[in-house]
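Only one structure is covered here, and it is reproduced in the block below.
Basis for what follows: all heavy atoms, side chains included, without hydrogens, waters or symmetry-related copies. All of these numbers come straight from a predicted model, not from anything done at the bench.
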Amino acid sequence: MLTGDAVRWGAAVDRAYDCDAYTVDRSAPAAVVLPSTEQEVQAVVRWCVASRVPFTPRGAGTGLSGGAMPALGGVVISTKRLNRILEVDLPNQRLHAEAGVTNSALSKAVAHAGLHFAPDPSSQTVSTLGGNIAENSGGPHTLKYGVTAPHILTVRVVSPNGEMQEFGRRVVGGPGPAWERLVVGSEGLLGVVVSAWVHLTPVPKAVQTVLVALPTIRAASDAVASVIASGIVPAALEMMDRNILMALKVAFGLEFPADTAALLLLECDGEPKQVEEDFARMLAILKGFAPLELRVASDEAERKSLWTARKKGIGAMGRLAPTIVTHDGVIPPSTLPDMLEFVYAVAAREGIGVANLFHAGDGNLHPCFYFDDRDPKQVESVVRAGEEIMRKCLELGGSLTGEHGIGVEKVGLMHAMFGPEDMALQRRVKELFNPDTLCNPCKLIPDQKGCVEHMVRWRGVAT
Amino acid sequence: MLETLGAKLKPGGAWQAFGTVDEACWDSSPPQPVVSKDDFIVTVSAGMRLDDLQAHLEPFGLALPFVPIVPSPGRRLGEWIGQNVPHQLEGTFRSWRDWVLGGTMLLSDGSVARSGARVTKSVAGFDAHQLPIGTHGTLVVPVELHLRVVAASRVAWPAPVQHSGPFWIQRVLRTDFEAACQQSGLLWSDPETATCALSQRPGFCPEHSWWMDERGVGPLSPLQRETWLRAKAQFDPDGRLAGVPE
C-alpha cells in the first residue's frame with residue numbers, strides 16, 4: 001500500500017500531528033500516512049475500515065477548531081502530497097486541482113490570465129484546497145465574493161467506506177440536489193477530499209483601498225455598521241484593535257497615529273465607475289466618524305502596504321504571549337458596537353489578554369486571546385471566556401462559527417445553538433454519507449459514541 | 001407551532017409540499033416577514049409569494065435579486081427553492097444556494113428542525129438548509145427561510161420573457177455558448193452564465209452541460225440520483241412527501 005517515508009510514527013510525529021492550529025486540545029495519532037495518489041488514499045481508507053481503525057483527514061493543519069486532530073488516535077491521512085494542478089481551463093474559468101495544492105498556488109497558476117481563486121483565508125499561502133473545502137473557508141474578501149462553497153464546482157472524495165465519488169458538475173448549478181454543497185464545510189466527516197474543480201473569478205478591473213484610524217472602538221464599530229447599512233458591498237471590511245496595533249509595533253515596527261483605538265481597512269473593487277461611486281460614498285460615511293487618519297492607497301504598492309497590518313496581525317501576536325487562541329463567532333453587523341464592549345469586559349473579568357482582528361463587514365469576530373498554555377488556570381479562563389462570547393453571539397442572533405468550523409473546540413456548544421430536533425437532522429445528514437464512526441470521529445456532532453470520555457484526555461495533555 | 005409558521009397538514013396526513021398553488025401546503029396568509037434592514041436579511045415563510053415578498057421589501061429599500069426567465073405570478077418561495085431554476089440575475093447575484101442562509105424545515109415524521117443561522121456567514125454544522133433546494137419537496141419541506149437580500153438600488157431589473165407553454169433551460173461551458181445559442185426555439189440567453197432558455201428540448205448537449213425543464217427537472221448523474229434515493233429513504237422512509245422525479 002504505502003511504504004517508506006509515506007508512513008510515519010513515533011514521538012516526533014505524535015508532537016507534530018497531535019493538534020492543528022487549535023492547540024488547546026491534543027491527541028496523538030498511531031500513524032500518519034502521506035499518500036501521493038487518490039488510489040493510495042482509497043487504499044488507506046479501505047484498510048482503516050476493514051481494520052476498524054479511526055482515520056482523520058488533514059490538509060496543512062492550519063485549522064483553528066481542532067478539526068484535524070486525531071481525536072481517537074488512529075491514522076492521520078495527510079493530503080499534502082496530493083499537490084498537483086491537474087487541468088487549467090482558462091476560457092471556461094475553471095481549474096482542477098488535487099486537495100493538497102495550497103490556496104495561493106491556485107491563484108498563482110492563473111494570475112497571468114487575470115483570474116484568481118476568490119476565497120482568501122489568512123492562511124492561504126499554506127492552507128490547502130482540501131482543507132478550505134472541509135472548513136468552507138472564508139477570508140477578508142468573503143464579504144463580496146462569498147466563502148469557499150460557491151467557488152466549488154465538483155468535489156471528488158474517498159467516501160467514509162472507501163468508495164471513490166465525485167459530486168457536482170463542471171458547470172455551475174443544474175437540476176436536483178447539490179450534494180457537493182453538503183460536503184463543502186463538512187469538516188472532513190463526509191469523506192476525504194482528493195480533488196476538486198473550482199470556479200475562477202476575474203481579477204477586478206479597479207480596486208480602491210483605505211486605512212482609517214479611529215479614536216474609539218465605538219466609533220470604529222459604528223462606522224462599520226453604517227457602511228454596511230448603506231448598501232455598499234465592500235470587497236473587504238476588516239478591523240484591528242489597539243492590542244493588535246501594539247503587537248504590530250513591537251514585531252514589525254509599524255506605526256499608527258497616537259490615540260488610535262482601532263483601524264479599519266476597507267476595499268472596493270469591480271467595474272471602475274461603480275468602484276469610484278461606492279468608494280466616494282464610503283469615504284463620506286467614514287469622515288463622519290472623525291477619523292484620526294484616513295490613508296487612501298494611490299497605487300498597488302501603497303495598497304499592499306496598507307494591507308500589511310492586516311496580513312501580519314496574527315503573526316505579530318506571538319510577541320504578546322507564548323500562546324494565542326483565536327475564536328470565531330458571528331453576529332449581525334448592526335450589533336457590533338455592543339458586542340465588542342462585551343468581549344473586552346469578559347476578557348477583563350477573566351484576567352486574560354484579548355486582541356481583535358476580524359472581518360467586521362460580515363460580523364465575523366475573531367477575539368484572539370493571548371496567554372500561557374502551560375498554566376492550566378489560564379487555559380480554563382480562555383475556554384470559559386470563549387464559551388461566554390459564543391453564547392453572546394447566539395443571543396444576538398448570530399452563529400458559533402463563521403469560518404473556523406466546530407471541530408472539537410465547539411462541539412460541546414452545538415446544543416446551545418441547536419435544539420434536539422435540529423441536532424437529529426444534523427445526525428441524519430452525517431449518517432447519509434457516513435453511517436460509521438471511523439471517519440474523523442468526535443467532531444461537529446456532540447455526544448458521539450466513544451467520544452465523551454476522551455474530551456477530558458484531550459484537554460489534559462495541553463501542556 | 002407549524003400553524004404559526006404557515007404550514008398545514010394536508011387531509012389524509014401526507015405533507016404535500018409542491019404541486020399547483022391550490023395544492024400547496026402553506027397557509028395563504030403566512031406571518032409577516034421579519035426584515036433586518038441594516039443587516040440585509042429577511043426571515044420569511046416559505047409559503048409567501050415571491051411578488052408579495054418583493055412588495056414587502058420595497059419600503060425598506062431592499063430586494064431579492066430574483067427575476068424568473070419567464071414570469072410565473074403567484075408562485076411561492078418554497079416552490080421556487082424546490083425547483084431551483086436559473087433566473088435572469090444569477091450572473092451578478094447568484095441564486096438560492098447562496099441566499100438561503102438558514103431556516104426551519106418540516107420533516108416527514110412531523111418534526112421541525114432548524115439549520116444555518118440568521119447571519120450572512122455561518123459554518124456551524126452541516127448545511128442541512130441546502131436540502132430543500134432543488135429537491136422538489138422530496139426530502140424536507142421548507143417552512144421558514146432566512147434569506148440574504150440586497151439594496152434595491154443595486155438591481156437593474158430586466159424585462160421578463162413573454163412566453164406561454166413549456167420551455168427548457170440549458171447551461172453550457174462558455175466555449176459552447178455560441179453553439180448553444182444557435183439552437184432553434186431560443187427564447188433568452190445570458191453570456192455571463194452561458195445559459196439559454198429554449199421553447200423546445202435542447203438538441204445540442206455537449207459533455208459538460210446540463211438542462212432542465214421549467215419545473216427544474218432534468219437529467220442527473222447516476223451518483224446524484226442514487227444519493228438522492230438514499231436520502232429519500234433516510235429522510236422520508238414512509239413516503240409522505242413528494243416522490244423523486246423520474
Worksheet, complete the sentence: Given A/Asp328, A/Leu400, A/Leu189, A/Leu425, the one with more heavy-atom pairs under 4.5 angstrom with chain B than any other is A/Leu425

Fill in: Top of A/Glu180, A/Glu187, A/Lys430, A/Met423 for chain B proximity - count of heavy-atom pairs under 4.5 angstrom
A/Lys430

Fill in: Side-chain heavy atoms of B/Arg118 within contact of A/Leu396, under 4.5 Å
no

Discussion item. Strictly distance-based, threshold 3.5 Å: is any side-chain N or O of B/Gln234 a donor or acceptor partner for the main-chain N or O of A/Arg428?
Written reply: yes

Fill in: Residue, of A/Ser230, A/Ser186, A/Gly363, A/Gly329, that accumulates the most heavy atom pairs under 4.5 Å with chain B
A/Ser186

Fill in: Any B/Val123 side-chain heavy atom under 4.5 Å of A/Glu135 side chain
no

Worksheet item: For the residue pair A/Val429 and B/Ala128, what are the closest heavy atoms and their distance?
Response: CG2-CB, 4.1 Å

Worksheet item: Heavy atoms, side chains only, cut-off 4.5 Å: are A/Gln426 and B/Ser115 in contact?
Response: yes

Fill in: Partners meeting side chain to side chain contact (heavy atoms under 4.5 Å, CB included) with B/Val244 (sequence neighbours left out)
B/Thr138, B/Arg225, B/Trp228, B/Leu229, B/Lys232

Item to complete: Side chain from CB out, backbone as N, CA, C, O: work out which of these in A/Met414 comes under 4.5 Å of a heavy atom of chain B, or both, or neither.
Response: side chain

Practice prompt. Answer yes or no: is there a side-chain heavy-atom contact under 4.5 Å between A/Trp179 and B/Leu223?
Written response: no

Practice prompt. State, yes or no, whether a side-chain contact exists between A/His359 and B/Lys121 at a heavy-atom distance under 4.5 Å.
Written response: yes

Worksheet item: A/Arg181 side chain to B/Asp127 main-chain N or O, any donor-acceptor pair under 3.5 Å?
Response: no

Worksheet item: Checking heavy atoms, do the side chain of A/Lys410, its backbone, both or neither come under 4.5 Å from chain B?
Response: neither

Worksheet, complete the sentence: Between A/Ser399 and B/Val119, the two heavy atoms sitting closest are CB-CG2, 4.1 Å

Discussion item. For a quick test of reading the model, state the closest non-hydrogen atom pair linking B/Asp39 to A/Ser334 and the distance between them.
Written reply: OD2-OG, 2.6 Å

Discussion item. Main chain of B/Thr175, side chain of A/Asn92: is a donor-acceptor contact present, judged purely on distance under 3.5 Å?
Written reply: yes

Response to the item:
B/Trp210 and A/Pro175 have their tightest heavy-atom pair at CE3-CD, 3.9 Å

Worksheet item: Side chain, backbone, both or neither: which part of A/Ala424 has an atom under 4.5 Å from a heavy atom of chain B?
Response: neither

Worksheet item: Among side-chain atoms of B/Thr120 and A/Asp362, is any donor-acceptor pair under 3.5 angstrom?
Response: no

Worksheet item: Does any N or O in the side chain of B/Asp38 come within less than 3.5 Å of the main-chain N or O of A/Ala229, such that one atom is a donor and the other an acceptor?
Response: no

Worksheet item: If only atom types and distance count, is the side chain of B/Arg230 paired as donor or acceptor with the main-chain N or O of A/Leu432 below 3.5 Å?
Response: yes

Worksheet entry | Top of A/Thr142, A/Val183, A/Asp89, A/Val147 for chain B proximity - count of heavy-atom pairs under 4.5 angstrom | A/Thr142

Item to complete: To the nearest 0.5 angstrom, please state how far the OG1 atom of B/Thr104 sits from the CD atom of A/Glu421.
Response: 11.0 Å

Discussion item. So B/Arg154 and A/Gln274, do their side chains get closer than 4.5 Å, heavy atoms only?
Written reply: yes

Discussion item. Please check: side-chain N/O of B/Gln224 versus main-chain N/O of A/Arg169, any donor-acceptor pairing under 3.5 Å?
Written reply: no

Practice prompt. Go through the steps for B/Leu173 and A/Arg94 under the test side chain to side chain contact (heavy atoms under 4.5 Å, CB included), then give the verdict.
Written response: CA-CA 10 Å; B/Leu173 293 174; A/Arg94 58 188 192 147; 3.6 Å; yes

